[in-house]
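Remarks on the structure that follows.
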Amino acid sequence: MASKEEPPTSTHRVLRISQLDALELDKALEQLVWSQFSQCFHGFKPGLLASFEPELKALLWLFLWRFTLYSRNATVGQSVLNIQYKNDFSPTLRYQPPSQSQKLWFAVCTIGGKWLEERCYDVFRNRHLAAFGKAKQCVNVAVGLWKLGELLNFLVFLQRGKFATLTERLLGLRSVFCRPPPVREVGFEYMNRELLWHGFAEFLIFLLPLINVQKLKARLSSWCVPLTGHPDGDSALAASGQQCALCGEWPTMPHTIGCEHIFCYYCVKSSFLFDMYFTCPKCGTEVHEVQPLKSGLEMSEVNAL
């Protein structure tokens, strides 16, 4: 007859980063649940949930606590990372799940604490009596002391790697692996190579939008193809204006930017609007002013010449 399955006996210490990641996943889940819940009342009167928001949040967090930590000894973030809570007050070395009282006090400290803080903030914000002022001062002192305790606990956690929050330390809830962590099978050389290529790809993604490819192409063209002298005057401009310096086609509404090359109006105007430092792709002349070509010859006559 098959024996009954024994509870897990793993008590391997969890990495600090894994414990912090579990806390961040729990916070993200709470935000997601509240966002989805508030979307259900999107079509109702604005501010409908404002007066009952702390109570509604407490009910949602209590619902999550009931079907995660209370029943499975782990939060959602811990379950994703193969972590669960262990009763650190137990004298045995074997795994001991948290007791019912520890789970209940965990709900009181986390869910009840958040509800009390938000509700007191709303009450004190709308009351300006002297009695409420003293109560508000006492609450602020209590919250400040609790935050200070959390800071000190976090410093101890960074040194020893146990109890990421003050509530866990007070209740004796220690994070352990549900199952022994698997042995890493990926070599560090492969990981370093992947990190290097990913970093290089992110650098290129950041750098490429900053490079003016058109200006760089024009500068290289001006270096590789030295220009010969051209005669001055509008007649010379018309004589050399049988094709646009950008698109290579017959210039439509020919314009000039101050050099001896001719451009279509739409080509040079769009390029200038896209890049205020636009230069001629043939000679590298900077655009000072886009002017129509002044010539006594029509372009058809220029083509006939």
Side-chain angles (χ1 to χ4, degrees), residues 1-37 57-115 149-188 190-191 194-195:
M1 185 176 180
S3 60
K4 186 178 180 180
E5 183 179 357
E6 296 182 356
T9 60
S10 173
T11 57
H12 292 80
R13 177 173 294 185
V14 181
L15 298 176
R16 297 172 178 84
I17 188 63
S18 299
Q19 299 182 53
L20 296 178
D21 285 343
L23 295 176
E24 293 299 325
L25 288 174
D26 293 334
K27 294 178 182 179
L29 175 66
E30 292 178 357
Q31 295 177 359
L32 179 61
V33 171
W34 175 250
S35 176
Q36 295 293 330
F37 181 80
K57 284 185 176 180
L59 290 176
L60 290 176
W61 307 161
L62 189 63
F63 179 80
L64 292 176
W65 167 84
R66 171 60 181 83
F67 292 99
T68 54
L69 179 60
Y70 186 81
S71 59
R72 300 182 181 180
N73 304 324
T75 63
V76 176
Q78 290 177 328
S79 300
V80 172
L81 299 176
N82 187 32
I83 303 173
Q84 62 183 356
Y85 278 128
K86 169 186 178 294
N87 186 359
D88 201 57
F89 293 153
S90 176
T92 62
L93 297 178
R94 294 174 57 86
Y95 172 80
Q96 292 293 332
S99 62
Q100 298 292 334
S101 60
Q102 287 177 314
K103 297 177 182 179
L104 292 175
W105 278 110
F106 185 87
V108 171
C109 294
T110 55
I111 302 175
K114 293 179 182 179
W115 170 83
E150 288 184 341
L151 175 60
L152 297 177
N153 175 79
F154 185 72
L155 296 178
V156 176
F157 164 74
L158 293 179
Q159 181 183 9
R160 300 184 179 180
K162 295 172 58 177
F163 307 114
T165 63
L166 182 59
T167 304
E168 295 177 358
R169 184 175 297 276
L170 295 177
L171 298 178
L173 297 175
R174 178 184 169 189
S175 297
V176 296
F177 282 111
C178 302
R179 295 174 298 276
V183 180
R184 186 187 298 272
E185 298 180 356
V186 181
F188 284 101
Y190 173 79
M191 296 180 61
E194 289 296 315
L195 290 174

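A distance of 8.0 Å separates CD in Glu30 from CD1 in Ile111, rounded to the nearest 0.5 Å. In this structure, the separation between OH on Tyr85 and SG on Cys178 is 12.0 Å, given to the nearest 0.5 Å. Rounding to the nearest 0.5 Å places CD of Gln84 at 10.5 Å from CG of Leu69. Trp105 CH2 to Thr110 OG1: the interatomic distance, rounded to the nearest 0.5 Å, is 12.0 Å. Atom CG of Asp26 and atom OG1 of Thr68 lie 8.0 Å apart (nearest 0.5 Å). Atom CG of Leu32 and atom CG of Leu25 lie 11.5 Å apart (nearest 0.5 Å).
No donor-acceptor pair under 3.5 Å is formed between the side chain of Asn82 and the backbone N or O of Phe177. Of the possible polar contacts, one joining the Arg169 side chain to the Lys162 backbone as a donor-acceptor pair under 3.5 Å is found. In this structure a side-chain-to-backbone donor-acceptor pair under 3.5 Å is present from Gln19 to Val14. A donor-acceptor contact shorter than 3.5 Å links the side chain of Gln102 to the backbone of Leu171. The backbone N or O of Ala164 sits less than 3.5 Å from a side-chain atom of Glu168, completing a donor-acceptor pair. Formation of a donor-acceptor pair under 3.5 Å by the Lys103 side chain with backbone atoms of Tyr70 is found in this model. Between the side chain of Asn153 and the main chain of Phe163, a donor-acceptor pair closer than 3.5 Å is present. Between the Arg16 side chain and the Leu158 main chain, a donor and an acceptor come within less than 3.5 Å of each other.
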Quiz item: Given Lys86 and Leu173, is the side-chain contact (heavy atoms from CB on, under 4.5 Å) satisfied, shown in steps?
Solution: CA-CA 6 Å; Lys86 169 186 178 294; Leu173 297 175; over 6 Å; no
Quiz prompt | Evaluation steps, side-chain contact (heavy atoms from CB on, under 4.5 Å), between Leu20 and Phe157 | solution = CA-CA 10 Å; Leu20 296 178; Phe157 164 74; 3.8 Å; yes
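Inter-residue side-chain proximity for Leu170 and Phe106 is flagged as unmet; no heavy-atom pair is nearer than 4.5 Å.
Contact between Ser175 and Ile83 at its shortest, heavy atoms only, is CB-CG2, 3.7 Å. The shortest heavy-atom contact between Arg174 and Asp88 is CD-OD1, 3.3 Å. Contact record, Pro98 with Tyr95: CD-OH, 4.2 Å, taken as the closest heavy-atom pair.
Counting non-hydrogen atoms of other residues, nucleotides and ligands closer than 6.0 Å to CZ of Phe63 gives a total of 12 or fewer.
Side-chain polar atoms of Thr165 and Thr167 form no donor-acceptor pair below 3.5 angstrom.
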